[in-house]
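These numbers were taken from a predicted model, which means no experiment stands behind them. Throughout, protein chains are lettered first and strands after them, A, B, ... in sequence-line order, and every chain is numbered starting at 1.
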Amino acid sequence: MSFDHVRRFTPAPPRASSRVAPVAPPLAIAIRGHTYRDNGPKSGSEGTLMELITVASARQAEAIGKQVRLQGWVRTRRDSKGGFSFIELNDGSCQGNLQIVAEAALPNYETEVKKLGAGCSVTVEGEVRQSPAKGQATEVAAKSVTVHGWADAESYPLQKKGHSYEFLRTIAHLRPRTNTFGAIARLRNQVSRSIHDFFQEQGFLYVHTPIITASDCEGAGHLFKVSTLNPAQLPLQNGQVDFTKDFFHRPTFLTVSGQLEAEIFACGLGKVYTFGPTFRAENSNTSRHLAEFWMIEPEMAYFDLQDNMTLAESFLKRIIRDALDKCGEDMKFFQERVDKEILTRLQGVLNSQFLRLPYTEAVEILEKSGEKFEFPVRWGIDLQSEHERYLTEKKFGCPVILFDYPRTLKPFYMRVNDDGKTVRAMDVLVPGVGEIIGGSQREERLDILEQRMKEQGLDPAGYWWYLDLRRYGTVPHSGFGLGLERTLLFLSGMGNIRDVVPFPRVPGSAEF
RNA sequence: UCCCCGAUAGCUCAAUGGUAGAGCAACCGGCUGUUAACCGGUUUGUUGUAGGUUCGAGUCCUACUCGGGGAGCCA
């Protein structure tokens, strides 16, 4: 689906993607990647031609007959008295392991092969052949097994059996070697790719907004301070810290949103998106919050709130479809080991049309629901998690986009409706996770925007550049924010956001 | 930050206020084209930390630390 039809006044500029980079000369060794191939056959230990391939490609029946070299980590070893051992090899290229058959004739069979255990790193050379046993199409008959690094079985924390996520969090440096975190890493990679693919195909421009900022998009005191001042010797002026002595000559923070800067580029280049790290210093101790997370924020000139919703829905569906199509094995793993309903739920979302429901109607539905809520529902107060869950999981059973919230509940930059009481905000609620997207049509009228800033105790002078966008050539525009980690929770069925980010940062914890 | 729950072997968990155990892992042996292999045996503890109650505390009380679930803030 294209959004180019939506009231664009200028054609999209040529995109960077039209400049195709020249093909790089082959590297000496391709360690990872989907080519699964280095710069050609090389001489193996027995003088045969060895091709470096991944476990993923060696597991395919097409690989049968090839002389190959594989590099990865041992998951487990089983011995046969018949004079050989089975080694389960994984290199992160896919969910499944490759079975290596190592004969006793190998020169290092007794000294090394029979001592291999979980965690050891090896290079294996041999021939891919059809596996006579169930469980895999192929296996590799090893001609050599080279051990790079041992993993002492007494002290290596990862065992063959399952571990709790809580335990794995304490060894975040080793958990990428587990099935679950391998699957998460590959899914996260795919989602990141889908995000760029979707927006690039729609003619969006990828904009890098600053990590360090002096503005506070949400208007609250939950930012991380950035300073080079010595905390033990702060320069003071009338009892206050004198920030003119600081690096930027003013207080600065880690960004909580790239939205305001994205608006700058949207109001000049049309459709843009940001995709980068975001920092919130809130003392949130939940399974859905991180102090450091990745956020995607598209911002579109000439989009109204309905266009915004259409984009959000089509964007989410693209990510789901790609995950199902391109991470099939990992998604199957989530279905079997993490959440028995994840595939049907995602398929249901793909097939559904997101329900668009004004806040006012949602409140009426909740009031008439007869449901016993812990917190009462009343027009003018924010909906609680239990209310949102009721709507998306129980009442409708599909994603719900709530919009037109009371102005008192939402930030200054959201466009005020004609009724004067509500603003053009939207929240996308999905089953299982709750709010996954928050967005709005932006206030493009200078006088109303200034009034809203004062209403919320903000000094318009500090946002002079933001106001200039309304002062000169203002346009209606919209955008939203999608949390990458919440998307991963939604896609995988995982229960804790700390398990879908490589290195979680939460209050009291920044290990690794 | 608030409410609730928890912390015992490398991991997952038992143990009416009265001698701290099991399964898995590890190690040894057996068996096997095996695949969460199987069978037999062996090893493993300052019961989160600091106090308190008690003749006696893994168990009861207090504080703290860490973890989990829920709430708020939100993505």
Side-chain angles (χ1 to χ4, degrees), chain A residues 75-89 96-103 115 117-118 129-136 139 141 151-171 179 217-222 256-259 277-297 312 337 373-375 381-389 409-411 427-430 433-439 480-490 495-501 506-509 511:
Chain A
R75 283 292 176 83
T76 180
R77 187 198 85 239
R78 296 178 294 273
D79 298 327
S80 165
K81 194 96 184 241
F84 51 93
S85 296
F86 299 103
I87 301 166
E88 293 282 331
L89 187 72
N97 301 326
L98 180 66
Q99 175 165 290
I100 309 294
V101 180
E103 301 275 347
K115 291 176 183 161
R129 63 187 189 195
Q130 186 172 6
S131 178
K134 284 184 179 174
Q136 64 267 327
E139 62 186 24
D152 175 36
E154 293 270 8
S155 58
Y156 187 62
L158 286 175
Q159 300 170 2
K160 213 184 320 187
K161 304 277 174 175
H163 292 289
S164 67
Y165 298 132
E166 291 82 2
F167 172 67
L168 292 174
R169 251 171 253 156
T170 68
I171 49 166
N179 288 335
C217 184
E218 309 292 334
H222 47 238
V256 293
S257 168
Q259 180 197 317
T278 307
F279 307 88
R280 304 262 167 106
E282 275 141 6
N283 195 2
S284 299
N285 288 291
T286 82
S287 55
R288 298 186 308 283
H289 288 85
L290 291 166
E292 176 183 302
F293 63 100
W294 283 61
M295 189 155 65
I296 303 96
E297 295 179 289
R337 305 293 277 270
F373 295 116
E374 191 187 342
F375 297 94
I381 59 176
D382 223 346
L383 297 182
Q384 306 284 322
S385 292
E386 57 173 343
H387 305 140
E388 297 179 344
R389 271 203 309 276
L409 299 180
K410 293 292 181 182
D427 285 351
V428 181
L429 314 176
V430 293
V433 173
E435 183 182 341
I436 198 170
I437 282 179
F480 61 81
L482 172 82
L484 177 66
E485 287 78 10
R486 288 206 181 160
T487 308
L488 289 168
L489 288 182
F490 174 59
N496 195 312
I497 201 162
R498 299 169 194 207
D499 299 327
V500 296
V501 66
V506 295
S509 172
E511 190 75 60

Q) Parallel, tilted or perpendicular: which fits the ring planes of A:F167 and A:H163, with parallel below 30° and perpendicular above 60°? A) tilted

Q) Expressed as a whole number of Å, how far does the C1' atom of B:U44 sit from that of B:C28? A) 15 Å

Q: For B:U46 and B:U32, measure between their P atoms and round to the nearest Å.
A: 41 Å

Q: Output yes when at least one side-chain N/O atom of A:T487 is less than 4.0 Å from OP1 or OP2 of B:A75, else no.
A: no

Q) Which sits closer to the 5' end of RNA chain B, A:L482 or A:N283, going by the nucleotide each is nearest to? A) A:N283

Q.
Say we look at B:C27 and B:A20: how far apart would their C1' atoms be, to the nearest angstrom?
A. 23 Å

Q. Quick one: A:E388 CD to B:C73 C1', roughly how many Å, whole number?
A. 12 Å

Q | OP1 or OP2 of B:G33 under 4.0 Å from side-chain N/O of A:R129 | A | no

Q: For the residue pair A:L168 and A:D499, establish whether any side-chain heavy-atom pair is separated by less than 4.5 Å.
A: no

Q) How long is the line joining OH of A:Y165 and C1' of B:U12, in whole Å? A) 15 Å

Q.
Whether A:S284 contacts B:C74 is assessed here as follows: a side-chain N or O lying under 4.0 Å from the phosphate OP1 or OP2. Is that the case?
A. no

Q) Does a nitrogen or oxygen in the side chain of A:N496 sit under 4.0 Å from OP1 or OP2 of B:G67? A) no

Q) Rounded to the Å, how far apart are A:Q384 CD and B:G70 P? A) 15 Å

Q.
Roughly how many Å apart are B:A15 and B:U47, using the C1' atom of each and rounding to a whole number?
A. 11 Å

**Q.** Side-chain donor or acceptor of A:E386 paired with backbone N/O of A:F375 under 3.5 Å
**A.** yes

(Q) Would you say that more than 12 heavy atoms from the other residues, nucleotides or ligands in this model lie under 6.0 Å from the CD of A:Q130, or not? (A) no

Q) In whole angstroms, how far is the C1' atom of B:A25 from the CD1 atom of A:I171? A) 13 Å

(Q) Tell me whether the side-chain N or O atoms of A:Q99 pair up with the base of B:U34 as donor and acceptor below 3.5 Å, since no angle test is needed here. (A) yes

**Q.** Backbone N/O of A:R129 and side chain of A:E139: donor-acceptor pair under 3.5 Å
**A.** no

Q | Whole-Å C1' distance, B:U49 and B:G6 | A | 16 Å

Q: Verify, without hydrogens or angle tests, whether A:R280 (side chain) and A:H222 (backbone) share a donor-acceptor contact under 3.5 angstrom.
A: no

(Q) Quick test of the criterion, 5.5 Å between centres and less than 30° between planes. Is A:F86 stacked on B:G33 or not? (A) no

Q) How many Å lie between CD on A:E374 and C1' on B:G72, as a whole number? A) 11 Å

Q) Under 4.0 angstrom, heavy atoms only, what part of the nucleic acid is A:F167 near: base, sugar-phosphate, or nothing? A) sugar-phosphate

Q: Determine the contact category for A:A133: base if any of its heavy atoms lies under 4.0 Å from a base atom, sugar-phosphate if only primed atoms, P, OP1 or OP2 are that close, otherwise nothing.
A: base

Q) How long is the gap from CG on A:N97 to CZ on A:R75, to the nearest 0.5 Å? A) 5.0 Å

Q: Can you measure from OG1 (A:T76) to CD1 (A:I87) and round to the nearest 0.5 angstrom?
A: 10.0 Å

Q) Is the distance from OP1 or OP2 of B:G70 to the nearest side-chain N or O of A:T286 less than 4.0 Å? A) no

Q: Rounded to the nearest angstrom, tell me the gap between atom CG in A:D499 and atom P in B:G67.
A: 13 Å

Q) Given side chains that start at C-beta, do those of A:E374 and A:H387 come closer than 4.5 Å, heavy atoms only? A) no

**Q.** For atom CD of A:E154 and atom P of B:U42, their distance in whole Å
**A.** 17 Å

Could you list all N or O pairs between the protein and nucleotides 36-39 of chain B that sit under 3.5 Å apart?
{"residue": "B:A37", "atom": "OP1", "partner": "A:K160", "partner atom": "NZ", "Å": "2.7"}

Q) A:Q136 side chain N/O closer than 4.0 Å to the phosphate oxygens (OP1, OP2) of B:U35? A) no

**Q.** Side-chain N or O of A:S80 closer than 4.0 Å to phosphate OP1/OP2 of B:U34
**A.** no

Q: Determine yes or no for a side-chain-to-main-chain donor-acceptor pair under 3.5 angstrom, with A:E388 supplying the side chain and A:G434 the backbone.
A: no

Q. Taking atom C1' in both B:A25 and B:C74, what distance in whole Å separates the two?
A. 42 Å

(Q) When the P atoms of B:G21 and B:U43 are compared, how many Å lie between them, rounded to an integer? (A) 13 Å

Q. Please, what dot-bracket string fits RNA chain B when only Watson-Crick and G-U pairs with both distances under 3.5 Å count, crossing ones use [ ] and pairs to another strand use |?
A. (((((((..((((....[..)))).(((((.......))))).....(((((..]....))))))))))))....

Q | Gap in Å between the two P atoms, one belonging to B:U35 and one to B:A71, rounded | A | 44 Å

Q) Nearest 0.5 Å, what's the CZ-CD distance between A:R288 and A:E435? A) 10.0 Å

Q | Pair A:F86-A:V101, side-chain contact (heavy atoms from CB on, under 4.5 Å): steps then yes or no | A | CA-CA 5 Å; A:F86 299 103; A:V101 180; 4.0 Å; yes

Q: Would you mind classifying the nucleic acid contact of A:R77 as base, sugar-phosphate or nothing, using non-hydrogen atoms under 4.0 angstrom?
A: nothing

(Q) If I take atom CZ in residue A:R389 and atom C1' in nucleotide B:G69, what distance separates them, rounded to the nearest angstrom? (A) 12 Å

**Q.** Contact nearer the 5' end of RNA chain B, comparing A:H163 with A:F84
**A.** A:H163

